[in-house]
Structures are given as C-alpha cells and as structure tokens.
Amino acid sequence: DSTVGSSSDCKLCPCPEGATCAVVPKTKEVVCTNCPTGTTGKRCELCDDGFFGDPLGEKGRSRTCQACSCNNNIDPNAVGNCNRESGECLKCIYNTAGVFCDRCKEGFYGDARAANVADKCKSCSCSPYGTVDRQTTCSQVTGQCQCLPHVINRDCGACEPGFYNLQSGKGCERCNCNPIGSTN
Amino acid sequence: RPTPDPNISPLPPGSHILFTQSGKIEYVPLEGHDLKKNEAKTALHLPEKVVIGIAYDCLEKMVYWTDISTPAISKANLQGGEPVHLIKSDLGSPEGIAIDHVGRNMFWTDSMKDRIEVSSLDGSNRRVLVNTDLVNPRAILTDPTNGYIYWADWNRDSPKIEMAYMDGTNRRVLVKDDLNLPNGLTYDPRTSLLCWADAGTHKVECMNPQQGSRTQLMEGIQYPFGLTTDGKNLYYTDWMRGAVVVVDRYSRREVDEFQPQKRTRLYGITTAHASCPSGQNYCSTN
C-alpha cells in the first residue's frame, strides 16, 4: 500500500523473476499476476492446463512444467488431459487406460503405445458361448479370451476338432462318432 | 520487480466481454461495439483453478463459471463478491455453461460424464437432461425466449450441433455435415442466428435454427475455443493466437484483436450486457 507513507509501503512481489503481483482488494492477499510461461497459481507454483510438474519444488525436487505425456493417447482439443502435478493422464482415448494411457482398457487388447491408431487397442470380442463365465475381458497382450473346455481360438469362438455344441455354454462335447462309419 | 498492480477491479457499469484464462476471469469494456482494450482488467483471480466455461446473469449481475481442477461450478458478483461454490459433487469435466435468466436456471456440459445437466441458479433442483449420444459436449447456450438449449459435441467420429427444449425433450440434430471441432457456439436472439466456430474446419458459420439455411462467415481462422456475440460482432478466443478476435458479422471480416499480457490459452467467453433482453418462458412460471 503506497499510500501509508512509510519506507516499507512497497514490498517485493513474492513471485518468480519477471512476474508481477497484485493485492486482492477484499482479502489483502497477494497474488502473482504474470507468472512465467506455463506456470500459474498464487505463487506461480502450478502448471497451466495441459502441463504437469512442480515448478517451485513444493513437494520435493523441482520439476519444470512439461506437456502431458500420455503416449499420444489424448486429444489435443480436450481440456484437463492430465493432473497438473503428477502428470497422471485423465482423458485417455483410443480405448487406452492407465496412468500414462499406456495399456488397453478392460475388454480391449493390443499395444497402447503403437504408433498407428489402428494397431493400438482392439476389442476382445470374446464369444459369449465359449468363454468362462461369459467374460468380456481378455489377455491385454495376446487378446486370448479364457475358453471353456475344448473351446479354441483367440475369441473362444470354435470347438476343437472332434468336438461340437459350442452353443451349450458349458464347453464343447466330444462328437463320439463311430470310427468305422466316419470318413475321418 | 516490485510493481504492486491494482489489477483486480470491480466491473464498471456498461457492457463487457468476459473471458477466462485458466486462473482468472478478465473483462474488456465495450463502447458500442468496440473493445476498450486499454481498460481491460482482471475481474477475478482464481489462481489455483482451471476456469473453462463462463456465463453471465444479466439480472443479478453475477458471473458463473466451470472449473475442471476442483471440479466445481461457482459464481461471484463482479462488484467485489467472494466466489460461491454451487455444484461440487458428481462432476467430471464441466466445460460449457449457460444461464436462462428468465427461468433462473443454469445448464452445463460435462465431457467426462458425457451429459448435460440443469439446476437452479443456487445449485438446487439439479437434474440430468441428456446422457445419451454425447462424447465430447462442450459449448452450450440458451434461448430463453423460445425455451431452447443448444449445444455442440466435438466428438471426432461424428461432431454435431444439437438443440432441445429446456427440459431435454424434443432433442434434434441441427448440424452434422462439414463439422470437425465445433468448440464455440453463440446465439443472437434478435436475429435468431446460431453461429459456431470450428477449430477443425477453421471456419465460423451461422444458421437460423428454424429455417436451416447455413452461411459461412469466416474461413482460415486458427484455433477457436469460445465464441460470443453482441449482435453485431462475434468474439472468439483463439488458442494459437492467445487472443480474443473480433469479427464483424456483416462485413465478414476480422476487425480487431485483444491479446492479454499473460500468454496462455484463453477458454470461455461471454457478453455481459448492461441490461437483460425482455422475455418470458414456461420455466419462469413453472
């Protein structure tokens, strides 16, 4: 307050170099106004939306603000893509999930980090008849669904040779053909 | 550098353009349809928040905003009032917000919960209006006179602009062709013109929602986010330019630009009219 008339009226802004500050009229709180690029907050201690870090090192080693790092599995038109401090990704797309959108979400398999979107995460599409408990999830890597007895294929959609009746939902049954009367 | 900057000030009388820049709400006074850029100031500092959507209630002179960091929906009187949290629970990523100053309700989009909600202006009587076929709903606005809401969804696979009654019924798609990332949406009640700014097609286009005729206002714009109008000009925030860009609706040309000192993304934008347009709708009586 420059109107008091003492030599200590004006105080140094408690802000990083280059920033200005202002006093909030009601609360008399001092707020930094032009924080360095990419930073924000009362004391320029936070990262702008779309960035993460700990510029003042309030929670340990100081980390400059860097762009959300989510394996290209976020949309640049979205807001709030990652946690401003930890960098945890909050809006994974292309059926990915995980702290850095680094794995496929439940019910999908493949390589979340693949460069090509088509190679990323594909739906498990497990056959409901051939899968244990009609599960819709599969191995994250191979995409193998958990098959009932004598059921085969990645999606548990077929019977082993010599077996039939996938539709039973209890696994496939042996054909029991008479070897003498059958062609193979 | 000791520069105690009396940069936070109450909203003076008259009409203004209000916009958000993650930790603050800024205003630029309007003189007629011209921006008084040298009188631009910060209306409200919210240093810890990421403020996205903004709406203004012309009746009580209150500003409402969405904050994706808490997340919350809050309001404050810009004559120097403290922020009041209205909605704090069951929010994902609240983005667009719109006020029905006649029915005294607010509407917002949530791009994480994929829904559109409504509540009274104090946060009570909250209700989900739309929760199907939404992927990335963002901009929302009201037409209090006719009792409509309009919104845009920038879903990369099938972006669209839709409308419905204020109770969520009679929903229909207005625009779906030649859209890409319709981030900004605005409506001029006097001429019944709905306009949108698209960060994918890089165009500003308009249509009369009742007649359906579509016209292009601008092309080759950079990266629009928010959009508002004062009847004559359109004002959009641009992520690439870090500026508010002014477009004359009639000459279809860019006429001015305002670039705040702080160089970060600008988000929502709205016009704070000095007085309310007159009108009535069914929500004001029921």
Side-chain angles (χ1 to χ4, degrees), chain A residues 1-4 8-52 58 65 67 74-85 90-94 117, chain B residues 1-10 20-24 41-42 44-53 66-69 71 76 80-82 92-95 111-112 135-136 138 154-157 159 180-183 198-200 223-225 239 242 260-265 267-268:
Chain A
D1 183 353
S2 58
T3 61
V4 174
S8 60
D9 282 2
C10 294
K11 294 188 185 72
L12 198 68
C13 285
C15 307
E17 205 172 332
T20 50
C21 64
V23 180
V24 177
K26 260 226 169 88
T27 58
K28 303 287 173 208
E29 192 178 30
V30 178
V31 174
C32 301
T33 46
N34 288 293
C35 289
T37 308
T39 67
T40 182
K42 256 178 223 167
R43 298 282 178 272
C44 309
E45 79 283 15
L46 296 169
C47 296
D48 272 330
D49 183 44
F51 294 82
F52 73 101
E58 290 194 322
C65 298
I74 46 171
D75 195 306
N77 195 52
V79 294
N81 270 325
C82 71
N83 179 295
R84 293 202 278 173
E85 193 204 311
L90 304 173
K91 289 189 169 174
C92 299
I93 55 172
Y94 306 130
V117 173
Chain B
R1 203 151 62 98
T3 49
D5 183 344
N7 210 10
I8 309 164
S9 69
T20 69
Q21 199 178 15
S22 73
K24 51 190 183 174
K41 284 200 171 73
T42 302
L44 203 59
H45 265 290
L46 303 154
E48 271 126 45
K49 312 295 184 193
V50 179
V51 185
I52 305 289
T66 60
D67 153 30
I68 58 166
S69 59
E82 282 298 294
S93 185
E95 297 194 16
S111 72
M112 239 163 181
V135 174
N136 282 311
R138 176 164 281 166
W154 60 268
N155 173 12
R156 293 252 179 199
D157 295 325
N180 197 330
L181 298 172
N183 281 336
D198 192 312
Y223 207 104
F225 187 88
W239 274 7
Q261 202 184 353
K262 187 174 162 67
R263 303 300 304 273
T264 59
R265 280 179 178 177
Y267 295 94

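Letters go in sequence order (proteins before strands), and every chain restarts at 1.
Heavy atoms of A:C35 lying under 4.5 Å from chain B belong to its backbone as well as its side chain. Contacts between A:E17 and chain B at a heavy-atom distance below 4.5 Å are absent for every atom of the residue.
Most heavy-atom pairs under 4.5 Å with chain A: of the set B:S93, B:A199, B:G23, B:P260, this distinction falls to B:S93. Chain B forms more heavy-atom pairs under 4.5 Å with one residue of A:T37, A:L90, A:V79 than with any other, namely A:V79.
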Requested in this report: Using the side-chain contact (heavy atoms from CB on, under 4.5 Å) rule, take B:T264 and A:D49 through it: C-alpha gap first, then chi angles, then the decisive distance, then the call.
Outcome: CA-CA 9 Å; B:T264 59; A:D49 183 44; over 6 Å; no
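Side-chain contact between A:K91 and B:S111 is present, with at least one heavy-atom pair separated by less than 4.5 Å. The shortest side-chain heavy-atom distance between B:N183 and A:N77 falls under the 4.5 Å cut-off.
A pairwise comparison of heavy atoms in A:T33 and B:K262 identifies O-CD, 3.9 Å as the closest pair. When all heavy atoms of B:R265 and A:P76 are compared, the closest pair comes out as NH2-O, 4.2 Å.
Under a 4.0 Å N-O distance rule, the pair A:D75/B:R156 qualifies as a salt bridge.
Residues passing the salt bridge (Lys or Arg N to Asp or Glu O under 4.0 Å) test with B:R138 are B:E95, sequence neighbours excluded. Checked against salt bridge (Lys or Arg N to Asp or Glu O under 4.0 Å), B:E48 has the following partners two or more places apart in sequence or in another chain: A:K42.
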